[in-house]
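Below is one structure; the comments refer to it alone.
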Amino acid sequence: MKCYKCGSQLTDENMCLKCGADVTSYKTVVKASNAYYNLGLAKAQLRDLSGAVESLRTSLTINKNNIKARNLLGLIYCEMGDVVEALSEWVLSKNYKQEKNIANSYITRIQSNQGKFEAVIQTIKKYNQSLKYAKGGNYDMAVIQLKKVITLNPKFIRAQQLLALLNIKNKDYGKAKKCLNNILKIDRNNTVALRYLREIGLVEEISTKDVSESFLPKRKVKDLNSLPFGGSDVYLPPTSYKEPSNGAITVINILVGVLVGAALVWFLIMPSRYKGITNDYNKSIVEYSEKLSSGNVELNSITKQLQDVQAERDSLTKKVQDISGTDGNNKLLIALIDSANSYIANDKTTAAESLVNNIADVSLLPSDNAKALYNTIAAATMQTAAKDLYTLGTTSYYKNNFTESSDYFARAYKLDSTMVDAAYYGAKSYEKLEQADNAKKYYQYIVTNFPTSRYVTEATTYISKH
Amino acid sequence: MINFDDEIKKFQPSLEVEEAEDAIYNNDFPDVTDIINKIINNLSDK
């Protein structure tokens, strides 16, 4: 025992040898607390847990620093399913004495098995929920929850008590007794359980008495307390019903049972089975439809790609033909070769016209050598050929052969676009031929390309008049 | 005979983890030792 003032060890003397405090009353109080602890311990060893809780609470009321009493109280709470209350006591105990305290071990053990602890915490919550249901008149829900709680934590005395009470209310005394017997296995002197059992006994006694005093023949009543109760036992109360012993009735009963079973299968199980099959079938149809739609979309996409590729192929083919065919580069080269041949044959007019009529632009020729050849032939033939044609045109013009002269002048102007006279006489030839459109075309060349020419006034007048 | 309504009133909710902290802090009530110490201290002051 330690001094309440300085904490030093006390002796048999009634005062502290270190601080001199009078410890007479203190010793008496501590001894009383210890006595209650001993009493609580003795009750706990006999599994009188309710009695032990009372004694230990008294012990702690006298001396809250009684660590042993507090630790034992926690242990008993734990045994009765009140794990949180047990933890609270152990935490307080640890707070009062931090070293060499078994409460540390208890707390560590609880914390080390977190899964089990969580499960127990859930049972406590469910019990509280069940209590709310029961107080709110929702007895069926309360019973369902409590059954779950007891399955998970069979030592939870509060839950067993509440379930027993609800069973008593439902006059299900067998189940109530089972719960109460479970309680008494944990806590032998649980006053609530004992009282409920006594009340059940009284009720059953009255019931038995009623039956025994009636005119019915007496029957044996088994002692329900003596029945062993397993974890999944369902107690069936004794009944006066007796199975008929006639064999024919038994056969008929079996046949009726078979018929009822077949009817149940036909009307209850088969529709749900068919429904399940139909649902699966519909689901498959939906899946296939989705796949089909997806396939169609893909097919459309591929078709469009194919069309694009075909269009591209046609375009490229055309380009290749333009380039490599007789209408493409080959055409230009052929024209150039023809022109060269004519030039070699000293037919300058044909050479020049072959260039002008077949090769619109020298840059279109595929090679530098071809371009160089073109320029050589053009320089050597164009103006000469234009002059020759102009001369021929003039001759025809003065012979009043305007058809020929218009052709010569047009060809001469085509070969040499600086030749304003060829344009003028071309226009005059067409004018004579009364081809106003062609005449206007050549007059317009004069107005546009030779604005300072002496023919401009006449050209402008003709254009404005026609 | 057991009166269900009276009995059900006696049942109290079990302490849940969330309430444990309050229960521990509120446990600091004086015991008989505290009372006796206080009485002795009062007497010695006089």
Side-chain angles (χ1 to χ4, degrees), chain A residues 4-5 21-26 28-30 32-33 59-66 77 81-89 91-92 95 117-118 120-121 123-125 127-132 134-135 137 139 142 156 158-159 161-162 165-166 168-169 192 195-196 198-200 202-203 206, chain B:
Chain A
Y4 66 92
K5 264 192 173 177
D22 184 0
V23 292
T24 315
S25 304
Y26 177 71
T28 311
V29 168
V30 170
S33 175
S59 169
L60 289 171
T61 308
I62 295 167
N63 180 15
K64 64 185 176 187
N65 288 311
N66 194 333
Y77 278 143
D82 286 322
V83 179
V84 179
E85 292 189 12
L87 267 176
S88 303
E89 293 301 333
V91 170
L92 282 168
N95 191 42
F117 179 64
E118 282 295 327
V120 172
I121 295 303
T123 59
I124 290 169
K125 287 187 185 220
Y127 162 74
N128 289 340
Q129 185 64 46
S130 307
L131 187 58
K132 277 185 190 170
K135 285 185 175 176
Y139 306 124
F156 198 2
R158 287 173 195 252
Q161 284 175 339
L162 185 55
L165 181 64
L166 290 167
I168 290 168
K169 180 176 173 53
V192 175
R195 187 158 56 83
Y196 287 175
R198 192 190 64 201
E199 294 289 344
I200 291 170
L202 284 173
V203 171
I206 291 164
Chain B
M1 185 57 196
I2 294 169
N3 184 323
F4 178 80
D5 294 328
D6 290 342
E7 286 298 322
I8 198 78
K9 283 177 190 168
K10 293 176 190 172
F11 280 85
Q12 296 298 319
S14 187
L15 196 64
E16 293 190 28
V17 177
E18 294 80 10
E19 301 159 346
E21 193 176 355
D22 291 337
I24 290 165
Y25 281 118
N26 295 333
N27 198 273
D28 193 22
F29 56 85
D31 59 358
V32 176
T33 319
D34 292 331
I35 295 165
I36 289 171
N37 286 338
K38 201 170 182 182
I39 292 167
I40 292 168
N41 286 335
N42 284 341
L43 287 173
S44 61
D45 286 345
K46 287 177 183 177

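Residue numbering restarts at 1 for every chain, and letters A, B, ... go by the order of the sequence lines.
The local environment of CD in B/Glu21 is sparse, with at most 12 non-hydrogen atoms from other residues, nucleotides or ligands closer than 6.0 Å. When the shell of 6.0 Å around NZ of A/Lys132 is examined, it contains 12 or fewer heavy atoms from other residues, nucleotides or ligands.
The most heavy-atom pairs under 4.5 Å with chain B, out of A/Val30, A/Val84, A/Asp82, A/Asn95, come from A/Val84. When B/Ile39, B/Asp34, B/Ile35 are compared by the number of non-hydrogen pairs under 4.5 Å with chain A, B/Asp34 comes out ahead. Highest contact tally toward chain B, considering only A/Arg198, A/Arg195, A/Arg158, is held by A/Arg158 [criterion: heavy-atom pairs under 4.5 Å].
By the 4.5 Å heavy-atom criterion applied to side chains, A/Glu89 and A/Leu60 are counted as neighbours.
Taking the six-membered ring for Trp and the full ring otherwise, the centers of A/Tyr127 and B/Phe11 sit at least 6.0 Å from each other.
Residue A/Ser88 touches chain B through both its backbone and its side chain, counting heavy-atom pairs closer than 4.5 Å. The parts of A/Ile62 that come within reach of chain B are both its backbone and its side chain, each placing non-hydrogen atoms under 4.5 angstrom from that chain. Contact of A/Phe117 with chain B is made through the side chain alone, with heavy-atom distances under 4.5 Å. Using a 4.5 Å cut-off between heavy atoms, A/Leu202 does not touch chain B at all. Within the 4.5 angstrom heavy-atom criterion, no atom of A/Leu87 approaches chain B. Only the side chain of A/Asn128 comes within less than 4.5 Å of a heavy atom of chain B; its backbone N, CA, C and O stay farther away. Residue contact with chain A, scored on non-hydrogen atoms closer than 4.5 Å, is absent for B/Glu19.
At a cut-off of 3.5 Å, with distance as the only test, a side-chain donor of A/Tyr196 or B/Glu7 sits close to an acceptor on the other residue.
Residue A/Ser33 holds its OG atom at 9.0 Å from CG of A/Asn65, rounded to the nearest 0.5 Å.
Minimum interatomic distance between A/Leu165 and B/Ile2 (heavy atoms only, all atoms of both residues): CD1-CG2, 3.9 Å.
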